[in-house]
Structure formats: structure tokens, C-alpha cells
Peer 1: 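Dumping the structure here so I can ask a few things about it.
Here, residue 1 is the first one in the sequence, and each next residue gets the next number. These figures come from a predicted structure and were not determined experimentally.
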Amino acid sequence: MKPLRVLALVVAIASASLPPAFAKEALKAEDIYALSMVTDPVVAPDGRRVLFTRATFDRAKDRRTGELWLAHLDERGTVVDKRLLVGRDMAPRGAAFSPDGRRLAYIANSIDKPQIFVMVLADGVGQPLTTGDLDPGSLRWSPDGTRIAFIGREAAKPASIPGMPEKPEGGDAAADAKIITDLFWRADGAGEVKPGARHPYVVDVANATITRLTQGDTHQVDDEGVAWMADGRHVVGSYTADPINGPLETDLYLYDAAGKAPKKRLTSRAGREFAPEVSPDGRRLAFLGSEASTGFYDMPRLWTTTPAPGAPVQALAADLDRPVAEIAWREDGAAIHALYNDQGVQRIATIDAVTGARTPVVPVVGGTRLYLPSSGGQFSAAHGTFAYTSAFTDRPAGLGVSRGNGESGAIDFNRAWADSRTPARIESLTVASRADGLPVQGWIAFPPDFKAGKRYPLILDIHGGPNTDYGPFFSITHGLYAAAGYIVVFANPRGSIGYGDRFANAITNAYPGQDHDDLMSLLDEVARRPYADAKNLFIGGGSGGGVLTLWAIGKEPEKFRAAVALRPVVDWTDQATTADFSSFFMKHWMGATPWDKPELYFQRSPFSLAGQVKTPTMLITGEQDFRTPISQTEQMFGALKMRGVEVEMIRLPGAGHGMGRPSQWLQSVLAPIDFFNRHKAE
């Protein structure tokens with residue numbers, strides 16, 4: 001260790017002697033507009049090129065934007081060049097190489113409507129293939145490269161009230177009434193859902209003829225993607241027959257690519273089957289899925305079957321007690337590449353298609369959320385080349401490339417920016433929960449100007465989900481908290497993913513519950529350390545983290561100087577009847593209806609603790625949040641206000657559950673910093 005310490009000392013002395021022009025700064029709010037992030041890598045069939053999206057943040061338009069890029073690799077997997085293919089003005093997304101690698105299909109905006117484009121790479125100019133209103137997604141080329149399968153949505157005529165007289169021309173009549181008959185009449189991030197149905201389609205690349213593969217005025221396919229059979233005569237997709245009354249029951253179906261035969265059910269076991277991938281020879285079908293259970297969380301695993309109705313389903317790598325996020329067959333059909341969550345990060349392994357034996361390929365895949373340090377990266381593999389979102393603690397994800405033996409190539413758009421900033425150092429720790437001794441993993445982000453011997457205020461930030469995770473990644477929120485002089489503590493309490501099925505389901509019929517103890521145990525451990533100012537403890541979190549924030553200040557009203565709950569669930573009765581996933585929350589998280597067991601709903605609602613709250617509280621929610629509707633924020637605001645508790649409500653106009661546009665992201669971070677600053681004890 002001594003040589004490393006000497007080197008660190010030399011680097012520190014050299015850095016201190018740099019002229020002022022090279023002095024580093026901490027993260028600033030406006031830096032969001034200088035950053036970009038790599039997402040959605042796609043490796044060409046020859047393994048020598050990679051498509052990827054570069055996400056940026058347009059300050060003038062206050063929008064997240066995307067550009068489509070192409071990187072070329074040499075035989076070792078080193079990036080030799082990169083070039084922009086489609087600019088942000090067209091919002092390209094969902095790109096896919098043709099089987100011969102000479103063309104690519106992607107979705108882009110054309111006259112303000114999303115359409116499928118095809119580009120011959122030698123020409124470098126994309127041409128629209130569709131011109132309708134189907135809002136295409138999940139593009140997949142046919143094996144012979146002549147057609148593209150996609151999932152689209154056909155609009156229906158809105159219902160109207162019979163007998164209404166015609167409106168006079170040029171008048172100022174009120175808008176027509178909206179007649180709602182679908183439980184899923186609005187969706188977070190999309191707003192009110194216009195009447196219509198989702199179908200699988202096929203478009204002929206040569207003549208742009210579109211074939212709808214199913215009939216009916218209700219959804220006929222889920223939006224989890226489709227895959228072609230090797231013969232090009234059928235596609236496979238998932239379909240949920242009863243999303244309201246049934247359990248989590250999703251099956252795989254075979255769809256006739258000519259649209260002449262009805263869909264045929266392939267799987268029928270109790271549980272979910274989705275995200276299908278067909279083996280190169282067409283004999284095997286791999287997919288993600290989970291067995292039906294009464295648990296809080298149905299962990300997605302890797303399964304295989306033969307593409308025939310009623311064929312037996314086998315769990316592959318059944319000993320991998322981790323959620324699998326994405327899969328791809330190896331070209332020889334003997335193995336499957338898989339991206340899975342593990343202890344706050346994601347990893348890539350190659351899994352033998354017969355034995356399930358795993359070979360590690362990429363040890364850490366970076367998250368792409370940026371607003372918060374969650375996992376959620378992507379990967380692609382072809383011809384021995386792996387492309388993935390790379391992981392950093394001091395900047396957003398870049399592009400990583402591997403030939404299976406370490407990183408061979410990379411693209412990092414943020415390196416120069418990171419070199420000009422002093423990052424928040426991130427340190428891992430594990431504590432035993434005060435509830436039962438269960439190990440709980442967490443991280444500490446230190447202020448960029450951290451000095452030994454000084455005490456710093458602490459913010460406990462709690463992730464949402466609750467079946468998601470935090471990890472050692474760069475994020476705007478934690479970066480700005482740390483730059484404001486706070487130590488940030490963040491963790492994966494029970495209920496988080498990446499620690500096994502039992503850990504994720506430890507909150508079944510007990511949420512909130514001992515996950516609160518997990519978080520307090522970790523916070524108390526850090527608060528005892530010599531650099532912590534234990535009289536200045538703050539707490540915050542969003543969504544599920546908002547739930548646990550309000551729960552904490554109700555259970556321990558003297559512990560925190562101030563709290564900020566973003567987009568929280570306050571009342572589970574409200575949540576299970578008005579949110580966009582209402583039937584899911586009622587059946588799978590609560591296990592009973594609020595009219596049958598109202599006491600259960602009240603006992604598990606933070607609203608039940610409103611009478612005990614003393615902590616100054618800020619509530620932040622988007623006015624168009626349909627995942628945790630703002631009515632719940634209003635409910636807690638009113639309750640605390642009437643009790644005389646200091647409370648502020650911040651409403652973000654037009655923002656959904658994801659906190660809206662870039663400037664709204666920043667408001668949802670800077671407002672808590674200001675609130676905490678105002679409530680520090682001297």
C-alpha cells in the first residue's frame with residue numbers, strides 16, 4: 001500500500017500547485033446541461049460496430065434529447081472512430097441492425113409523429129418507412145431482412161353522448177365530455193390514454209405495406225417486445241389476458257406474420273412469461289419470467305422452452321438468485337448472455353443453454369437513471385463483442401466494449417468535464433439491522449471538500465420502488481447534496497432487488513416495516529462516526545422512498561431536523577383506486593380490497609402516523625403524476641398544516657412521476673437543499 005500512498009501524495013501536491021485556471025470545482029446545478037449519457041447500445045451482427053444513443057439535456061428547450069451514434073471497432077474491440085448518425089431534432093430511438101448489418105431501422109419523429117425509418121449505412125440518410133398514427137415500438141427485423149415486426153397502437157373513435165346538438169360554427173362551446181370505461185385510462189408519463197388497442201404489426205421494407213397480425217378492439221399483445229421465429233413465418237410476444245382481475249398472469253403467444261391466423265398460446269403455467277428471444281436455429285425459446293406467488297415481488301428469472309403449445313418450461317441457472325433484466329442468445333445457440341442485478345450493480349454473464357453454468361463476462365454495468373444512483377443499464381452482444389453502459393462514480397455512463405476479457409474499448413463523453421470537477425467520494429458499508437441482524441448494504445457520499453476532523457450534516461436518501469436498488473453510481477441528486485456540504489447516506493434495505501428473492505420479499509405484508517429499521521441502523525452507524533454531525537440529521541426520498549420518509553418521521557418524530565418526501569404514497573386506499581397501476585397495488589402489494597380490510601390499508605399508510613409527526617416537512621410532487629397521484633401529497637399537506645406542523649408543498653406543473661423536465665429535476669433537488677439549510681442546528 002505504501003507506493004500507492006506516495007503516488008497519491010505526489011498527485012495531491014501536483015494538483016495543489018496547478019495555476020488557478022485549472023482549479024477544480026464541485027458539481028453545480030447548471031452542469032446538468034453540460035453532461036451527456038450513453039444508453040441503448042446495439043452491436044452489429046459482425047461484432048465490429050456499435051449503435052448507441054447519446055442522451056443530452058437541451059437548456060433552451062428544457063428537454064432531455066437523444067442522438068443516434070455509430071462506433072467502429074477493430075478486431076480487438078478497440079473503438080477506432082465514432083460518428084453522429086441522426087441528430088436530436090428527430091429524437092431517434094429504438095435502433096436495430098438488419099441481419100446483414102448494412103441497414104438499420106429506428107424510430108424518429110416526422111411532422112411531430114413517431115415513425116419507423118430505415119437507413120442504408122453506406123448512404124447515411126434515413127428514409128421514413130411508415131407515415132401513420134400507430135406509434136411504433138419494439139422493432140425487430142425478420143431473419144431475411146425483408147420485414148420489420150413492431151408493436152403499435154390503433155386509435156379508436158372516442159365515445160360520445162347521444163342526442164347532443166351540433167355545435168355552432170365559430171362558437172365558444174365547452175370541450176366534449178370524456179367517457180371513461182377502461183381502468184387504465186391514464187398512464188404516468190403519457191397522461192390520458194386515448195381509446196385504442198395495441199397490436200403486433202409487420203411492415204414490408206420494400207413497399208411499406210403494413211400488416212396487422214391480430215384483430216379486435218382490445219389489446220392483443222403486451223409492450224415487452226416481440227421476436228421472430230427462424231422461419232420468418234411467425235413472431236412471438238407476450239400477452240396479459242386479464243390485467244385487472246387476474247393474478248400476474250402473462251403468457252407467450254405465437255402470432256402469424258401474415259396476419260391470417262389467430263394468435264396461438266404457447267405457455268400456460270401460472271406466472272409471467274415475457275421478453276422472448278428465439279435461438280438461432282429456432283428450436284428453443286428463452287424468456288424472462290416468474291412463477292405465480294403471493295409474495296410482494298415476483299423476481300424475473302431466465303427460462304427456456306420449445307416454441308410449441310404446452311411444451312414444458314425449464315428454469316435455466318436456477319441457482320442464480322438474482323433478477324435477470326435482459327438476455328441475448330449466442331450465435332451458436334449453445335449459450336445465453338444475461339444481464340442481472342447483484343448487490344447494487346448489474347453484471348453480465350454467459351449461461352450454458354443446457355447446464356446453466358455461468359461464466360462472468362462484465363463485472364459492472366453502469367446505471368442510466370442519472371437523477372438518482374440506481375441500476376438500469378443495458379447491453380448487447382454479437383460475434384463475441386459485448387457493448388454495455390459503463391459505470392462511474394464521478395460522471396454519467398459511457399459506452400464500454402469487451403471481447404470477454406476486460407474492457408477493450410470505451411467512449412466517454414464526460415471525461416473532460418469530470419477532470420474539471422471534484423467529485424463526491426463514495427464509500428461502501430454494511431450494517432446489521434437492529435430488527436433482526438439482517439446484513440444491509442449501503443453507501444456514503446462525502447462532500448467534495450471533505451476534511452478529516454470536521455463534522456458534516458447527514459442526509460439519509462431512500463430509493464423508491466420499493467423493489468429497485470441504489471448503487472455506487474454518479475447521480476445529479478447526490479452530487480448536488482454532497483456539493484452543498486452534506487454527507488449522503490443511501491442504502492438497499494430489505495425489499496431491494498439484487499440480494500435474492502427472500503430479501504426482496506421480506507416486506508411481503510409488511511411494507512413499511514422492518515425496512516425502516518434497516519435504514520435507521522445504517523444511519524445510526526454513520527451518525528456515530530467522528531465526521532458526522534449527529535445533531536443535524538435529515539431524511540428524504542422519492543416514491544417508495546417518500547413512503548419511508550413519512551413513515552420515519554411518524555415513527556421517530558424527534559430524530560430528524562427536517563424531511564423531504566417526493567411523490568409519496570400517503571394513503572393506500574387512494575393509491576389502490578386512483579393510481580395508473582391500481583389493480584396491481586391492490587392485489588399484489590396489499591392482498592385485499594380496502595372495502596374488505598380498511599384497517600389494513602390505514603395501518604400501512606403513512607397517513608396513519610400524521611398525528612405523531614413533528615418534523616418540518618417538505619412535499620414535492622408533479623401535478624401530472626399518475627403513479628402516486630398528487631391528491632395524496634395534498635392530503636398530507638392538509639393534515640400537517642391543520643396540526644400546526646411546519647410543512648411546504650411544491651407542485652411541479654406538467655411533471656409526472658419521473659419529476660418532469662431537466663429544470664424540474666433541479667428544482668426537486670435544490671428545494672430540499674434550501675429546506676435542509678434553513679433547518680440546520682448551529
Side-chain angles (χ1 to χ4, degrees), residues 188 457 459-462 464 477 481 511-512 516 519-520 535-579 585 594 598-599 601-657 659-660 664-681:
D188 188 72
I459 298 174
L460 172 64
D461 183 70
I462 310 171
T477 300
Y481 282 173
Y511 170 67
H516 167 75
L519 293 163
M520 295 305 106
K535 69 178 181 296
N536 275 309
L537 303 183
F538 300 90
I539 187 170
S543 193
V547 173
L548 288 170
T549 295
L550 295 177
W551 194 260
I553 61 175
K555 288 290 187 180
E556 307 194 32
E558 307 289 348
K559 192 178 188 78
F560 298 98
R561 296 289 304 172
V564 177
L566 299 94
R567 55 206 191 280
V569 173
V570 170
D571 182 340
W572 283 107
T573 298
D574 191 320
Q575 181 70 11
T577 52
T578 66
F585 296 126
E599 70 286 350
Y601 277 73
F602 184 70
Q603 289 165 3
R604 289 172 59 181
S605 296
F607 192 65
S608 69
L609 303 176
Q612 298 167 219
V613 173
K614 300 177 181 178
T615 309
T617 302
M618 175 178 280
L619 302 158
I620 306 177
T621 302
E623 291 187 337
Q624 296 300 307
D625 188 334
F626 301 132
R627 186 65 40 81
T628 55
I630 196 169
S631 57
Q632 301 196 61
T633 292
E634 295 167 342
Q635 183 177 353
M636 184 60 82
F637 174 79
L640 296 184
K641 203 73 179 173
M642 286 187 282
R643 285 196 55 246
V645 177
E646 182 184 347
V647 60
E648 296 181 18
M649 175 171 58
I650 294 182
R651 306 166 66 95
L652 300 176
H657 198 64
M659 305 310 284
Q664 294 174 312
W665 282 19
L666 294 178
Q667 291 173 70
S668 71
V669 178
L670 298 178
I673 291 172
D674 174 66
F675 194 64
F676 295 154
N677 286 343
R678 285 188 271 137
H679 290 87
K680 280 185 196 173

Peer 1: Which of these passes side chain to side chain donor-acceptor pair (under 3.5 Å) with T633: D625, T621, T628?
Peer 2: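 Single pass found, and it is T621.
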Peer 1: Are M520 and L460 packed together at the side-chain level, in the sense that at least one heavy-atom pair is separated by less than 4.5 angstrom?
Peer 2: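 They are in contact (side-chain heavy atoms under 4.5 Å apart), so the answer is yes.
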Peer 1: Can you list everything that forms a salt bridge (charged side-chain N to carboxylate O under 4.0 Å, His left out) with R561? Sequence neighbours excluded, please.
Peer 2: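 Per chain and number, R561 pairs via salt bridge (charged side-chain N to carboxylate O under 4.0 Å, His left out) with no residue.
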Peer 1: Can you name the closest pair of heavy atoms from P629 and Q575 and give their distance?
Peer 2: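 That closest heavy-atom pairing would be CD-OE1, 3.8 Å.
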Peer 1: Which distance, rounded to the nearest 0.5 Å, do you find between the CD1 of I673 and the CZ of F538?
Peer 2: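 Reported to 0.5 Å precision, the distance equals 12.0 Å.
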Peer 1: When rounded to the nearest 0.5 angstrom, what distance separates CZ in R627 from CZ in F585?
Peer 2: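 Nearest 0.5 Å value for the CZ-CZ distance: 6.0 Å.
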Peer 1: Specify the closest pair of heavy atoms between S605 and W551, including all atoms of both residues, with the distance to one decimal.
Peer 2: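 Nearest pair, atom of S605 first, then W551: O-CZ3, 3.8 Å.
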Peer 1: Start with the C-alpha distance between Q667 and I650, add both sets of side-chain angles, then the distance that settles side-chain contact (heavy atoms from CB on, under 4.5 Å), and finish with yes or no.
Peer 2: CA-CA 9 Å; Q667 291 173 70; I650 294 182; 5.8 Å; no
Peer 1: Hey, what do you get for CD (Q624) to CG (L652), rounding to the nearest 0.5 Å?
Peer 2: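 Separation between the atoms: 11.5 Å.
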Peer 1: So which atom in N536 and which in H679 form the shortest heavy-atom distance, rounded to 0.1 Å?
Peer 2: OD1-O, 4.3 Å
Peer 1: In Å and rounded to the nearest 0.5 Å, what is the NZ to CD1 distance from K614 to I553?
Peer 2: 12.5 Å
Peer 1: Tell me whether the rings of F607 and F602 are parallel (<30°), tilted (30 to 60°) or perpendicular (>60°).
Peer 2: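 Perpendicular: the ring planes of F607 and F602 meet at over 60°.
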Peer 1: Enumerate, atom names and distances included, each donor-acceptor pair closer than 3.5 Å involving a side-chain atom of residues 539-549, sequence neighbours excluded.
Peer 2:
unit_1	atom_1	unit_2	atom_2	d
S543	OG	H657	NE2	2.9
T549	OG1	G541	N	3.3
T549	OG1	G545	O	2.7

Peer 1: Run the side-chain contact (heavy atoms from CB on, under 4.5 Å) test on T615 and E556 for me, step by step, so that the C-alpha distance in whole Å, both residues' side-chain angles and the decisive distance to 0.1 Å come before the verdict.
Peer 2: CA-CA 9 Å; T615 309; E556 307 194 32; over 6 Å; no
Peer 1: Ignoring hydrogens, what is the shortest heavy-atom contact between G554 and V613? Give both atom names and the distance.
Peer 2: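 Looking at all heavy atoms of both residues, the closest pair is CA-CG2, 4.0 Å.
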Peer 1: So I620 and P672, do their side chains get closer than 4.5 Å, heavy atoms only?
Peer 2: yes
Peer 1: From S668 OG over to M618 CE, what is the distance, rounded to the nearest 0.5 angstrom?
Peer 2: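 Answer rounded to 0.5 Å: 11.0 Å.
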Peer 1: Just wondering, do P653 and Q664 contact through their side chains at under 4.5 Å, heavy atoms?
Peer 2: yes
Peer 1: Does V569 offer a backbone N or O that forms a donor-acceptor pair with the side chain of Q632 under 3.5 Å?
Peer 2: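 Side chain of Q632 to backbone of V569: no pair is present.
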Peer 1: Atom NZ of residue position K559 - does it have more than 12 heavy atoms of other residues, nucleotides or ligands inside 6.0 Å?
Peer 2: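 Result for NZ/K559: enclosed.
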Peer 1: Please name the pair of heavy atoms, one in L619 and one in P568, separated by the smallest distance, quoted to 0.1 Å.
Peer 2: CD2-CG, 4.4 Å
Peer 1: Is the closest side-chain donor-acceptor distance between T477 and D461 under 3.5 Å?
Peer 2: no
Peer 1: So which pairs with a foot in residues 634-646 pass salt bridge (charged side-chain N to carboxylate O under 4.0 Å, His left out), sequence neighbours left out?
Peer 2: E634-R651
Peer 1: Using a 3.5 Å distance criterion without hydrogens, assess whether the side chain of W572 forms a donor-acceptor pair with backbone atoms of R604.
Peer 2: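 Checked: pair present.
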Peer 1: To the nearest 0.5 Å, what is the distance between CG (L670) and CH2 (W665)?
Peer 2: 13.5 Å
Peer 1: Donor-acceptor pair, distance only, cut-off 3.5 Å: does the side chain of T617 make one with the backbone of V647?
Peer 2: no
Peer 1: Mind listing the closest non-hydrogen atom pair of Q635 and D571 along with its distance?
Peer 2: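 Looking at all heavy atoms of both residues, the shortest contact is NE2-OD2, 3.3 Å.
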